[in-house]
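Everything below concerns the one structure shown next.
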Amino acid sequence: MHRRVSVLGATGSVGSSTLALMDEAERAGTARFTVAALTGGRNIERLAEAARRWRPELVVTAWPELKSDLEDALAGSGIPVAAGESALIEAALRPADWIMAAIVGVAGLKSTWAAAGTGAIVGLANKESLVCCGPALMARATTAGGRILPVDSEHSAIYQVFPHDHPEGVRRLVLTASGGPFRQTPAAELARVTPERAVAHPNWSMGAKISVDSATMANKGLEMIEAAYLFGMPADRIDVVVHPESVIHSMVEYVDGSTLAQMGPPDMKTPIACALAWPDRLSWPAPRLDLAAMGQLTFEAPDPVRFPALRLAREALEAGGGAPTIFNAANEVAALAFLDRRLAFLNIAAVIAETLERMVKTGADSDFDDACAGALALDAHARRVAIEIVGDLALAA
Ligand SMILES: NC(=O)c1ccc[n+]([C@@H]2O[C@H](COP(=O)([O-])OP(=O)(O)OC[C@H]3O[C@@H](n4cnc5c(N)ncnc54)[C@H](OP(=O)(O)O)[C@@H]3O)[C@@H](O)[C@H]2O)c1
């Protein structure tokens with residue numbers, strides 16, 4: 001297999017796993033890669049190291065003020081360097097067979113949107129862009145002759161067991177959730193948890209923002225919205241079950257009573273490999289599942305009282321229009337405020353609820369013409385509202 005790839009967000013958890021997987025596959029002699037573009041943010045050292053290894057045609061940092069640092073780090077390499085938002089778009093537009101969209105948050109929307117318009121296969125980790133622009137993003141990729149392949153382990157699982165030619169055979173989708181680090185933490189203690197505890201996920205190693213999302217279960221809410229758009233499923237046919245071992249990554253229940261599940265060790269390289277080689281399979285030195293050693297798999301219902309973000313996401317999906325964008329923006333603002341110690345953990349859901357309340361009920365979620373520009377405008381509006389609410393809650397604390 002030979003693929004010409006770009007990795008947007010190459011310095012993050014998913015981006016680094018993508019490059020590590022490519023490296024392992026090349027060493028195993030099962031694939032070869034040419035890299036068109038790599039992008040990163042503030043981690044110049046990691047970006048330069050990746051660029052020296054892969055020799056992309058273009059390497060970009062999102063931050064113009066860090067361009068000279070990147071140039072210094074790559075001095076003598078001959079690798080072209082650029083910086084800033086337009087350079088990110090340029091990287092996304094470079095001809096490639098496969099583009100990994102792994103920037104975190106709505107910051108990844110414009111580049112994901114650009115990548116989807118190229119006709120390439122987009123490996124989508126940046127769930128926030130699907131949440132904000134779902135149907136339009138899917139349509140854009142199809143119209144351009146490409147497609148969106150999910151990289152989130154849950155959606156990769158569903159993608160692998162979903163009857164793409166006969167979706168009418170599906171009764172419901174079941175997303176599994178690890179339950180995060182606070183699955184068994186009493187409500188009273190949740191009020192006092194720190195960012196350090198929130199990012200210490202029991203099964204997965206991830207970036208800070210998604211780790212907080214996992215702890216609040218807002219991540220599962222975003223994934224519910226993501227699943228609705230990817231698989232054309234209404235909210236009332238998507239359920240969540242907590243499965244602490246993270247071995248079953250999600251399931252499709254069929255109308256005849258069958259349920260198909262996809263399993264694997266909790267390692268992001270496996271769903272990345274699936275998207276990278278689809279519809280083929282990439283052979284790499286993957287960790288293997290030893291069910292006998294594991295002994296048992298367990299399941300439980302999510303607790304709607306301690307984790308209200310899941311219900312809020314469902315309500316946003318049901319409300320439609322810009323509500324998922326508002327949910328996402330409020331969550332990003334609140335998660336960041338929690339990481340900065342400006343907001344208590346339990347107030348993350350409170351910020352989401354109040355932002356939705358103020359904006360959806362006052363009609364500020366009204367529809368827009370250009371999906372990407374409209375989502376960005378609505379996102380900016382929702383952020384202003386959420387920031388105000390974070391300030392009010394901080395004053396009240
Ligand atoms: N981590 C996982 O296991 C996992 C699983 C499923 C889905 N996802 C999704 O994948 C996406 C990435 O998650 P992650 O955990 O890999 O995040 P991460 O480790 O925080 O990495 C984020 C990447 O985005 C870059 N970035 C940050 N702010 C940016 C900006 N304003 N403009 C351009 N680039 C920017 C970062 O650059 P610097 O670090 O250099 O600043 C880094 O390359 C998220 O949407 C997440 O929900 C992650």
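Reckoned from all heavy atoms, side chains included, excluding hydrogens, waters and symmetry mates. Atoms within each ligand, like the ligands themselves, are counted from 1 in listed order.
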**Asked** With a 4.0 Å cut-off, would you call Glu57 and Arg4 a salt bridge?
**Response** yes

**Request:** For atom 28 (N) of ligand 1, grab the closest protein heavy atom and report residue, atom and distance to one decimal in Å.
**Result:** Val104 CG1, 4.4 Å

**Salt-bridge present (Lys220, Glu223; N to O < 4.0 Å)** = yes

**Asked** N/O to N/O below 3.5 Å, does that happen between Ser13 and ligand 1?
**Response** yes

**Message:** With a 4.0 Å cut-off on N to O distance, would you call Arg341 and Glu196 a salt bridge?
**Reply:** yes

**Message:** Which of the numbered atoms in ligand 1 are under 4.0 angstrom from any heavy atom belonging to Asp152?
**Reply:** 5 (C), 6 (C), 7 (C)

**Request:** Would you tell me which option among Ser211, Pro150, Ser111, Ala107 has the nearest heavy-atom contact to atom 30 (C) of ligand 1?
**Result:** Ala107

**Request:** Give the atoms of ligand 1, by number and element, whose distance to some non-hydrogen atom of Ala62 is under 4.0 Å.
**Result:** 32 (N), 33 (C)

**Asked** Hey, does Ala125 come in under 3.5 Å of ligand 1, counting only N/O atoms on both sides?
**Response** yes

**Item:** Gly41 N/O to ligand 1 N/O under 3.5 Å
**Value:** yes

**Complete:** shortest atom 41 (O) of ligand 1-to-protein heavy-atom contact is with Arg42 N, 2.7 Å

**Asked** Can Arg42 be said to sit on top of Trp63's aromatic six-ring, NZ or CZ under 6.0 Å from centre and within 45° of the ring axis?
**Response** yes

**Message:** Suppose we call two aromatic rings close when their centres sit under 6.0 Å apart. Are Phe182 and Phe307 close by that rule?
**Reply:** no

**Residues Arg311, Glu315: salt bridge by 4.0 Å N-O rule** = yes

**Prompt:** Could Arg358 and Glu354 be called an ion pair, given the rule that one side-chain N must be under 4.0 Å from one carboxylate O?
**Reply:** yes

**Asked** Less than 4.0 Å between a side-chain N and a carboxylate O, is that true for Asp97 and Arg3?
**Response** no

**Prompt:** Nearest protein heavy-atom contact for atom 46 (C) of ligand 1: which residue, which atom, what distance?
**Reply:** Ile210 CD1, 3.9 Å

**Message:** To check your reading of the model: name the closest protein heavy atom to atom 12 (C) of ligand 1, its residue, and the distance in Å.
**Reply:** Ala102 O, 3.4 Å

**Asked** Which heavy atom of Arg288 sits nearest a heavy atom of Pro265, and at what distance?
**Response** C-CG, 4.0 Å

**Gly12: numbered ligand 1 atoms lying under 4.0 Å from its heavy atoms** = 16 (O), 18 (P), 19 (O), 21 (O), 42 (C), 43 (O)

**Request:** Name the orientation class of the two ring planes belonging to His243 and Phe299 (parallel below 30°, tilted from 30 to 60°, perpendicular beyond 60°).
**Result:** parallel

**Item:** Within-cut-off N or O pair, Trp63 and ligand 1, under 3.5 Å
**Value:** no

**Message:** Polar contacts were defined as any N/O atom of the residue lying under 3.5 Å from an N/O atom of the ligand; does this apply to Val14 and ligand 1?
**Reply:** yes

**Message:** Within ligand 1, which atoms have a heavy atom of Ile103 less than 4.0 Å away?
**Reply:** 11 (C), 24 (O), 33 (C), 34 (N), 35 (C), 45 (O)

**Prompt:** Can you list the ligand 1 atoms lying under 4.0 Å from a non-hydrogen atom of Asn43?
**Reply:** 38 (P), 40 (O), 41 (O)

**Request:** Go through ligand 1 atom by atom and flag the ones less than 4.0 Å from a non-hydrogen atom of Glu128.
**Result:** 44 (C), 45 (O), 47 (O)

**Asked** How does Met206 reach ligand 1, if at all, at less than 4.0 Å between non-hydrogen atoms: by side chain, backbone, both, or neither?
**Response** both

**Request:** Evaluate side-chain contact (heavy atoms from CB on, under 4.5 Å) for Glu90 paired with Val60, printing each intermediate quantity in order.
**Result:** CA-CA 9 Å; Glu90 193 190 329; Val60 173; over 6 Å; no

**Asked** Below 4.0 angstrom, N of the basic side chain to O of the carboxylate: do Arg53 and Glu26 qualify?
**Response** yes

**Asked** Hey, which atoms in ligand 1 end up nearer than 4.0 Å to a heavy atom of Thr11?
**Response** 36 (C), 37 (O), 38 (P), 39 (O), 40 (O), 42 (C), 43 (O)

**Message:** What protein heavy atom lies closest to atom 15 (O) of ligand 1? Include the residue and the distance to one decimal.
**Reply:** Gly207 N, 2.9 Å

**Prompt:** Which of the atoms of ligand 1 are close to Lys127, meaning less than 4.0 Å from one of its heavy atoms?
**Reply:** 7 (C), 45 (O), 47 (O)

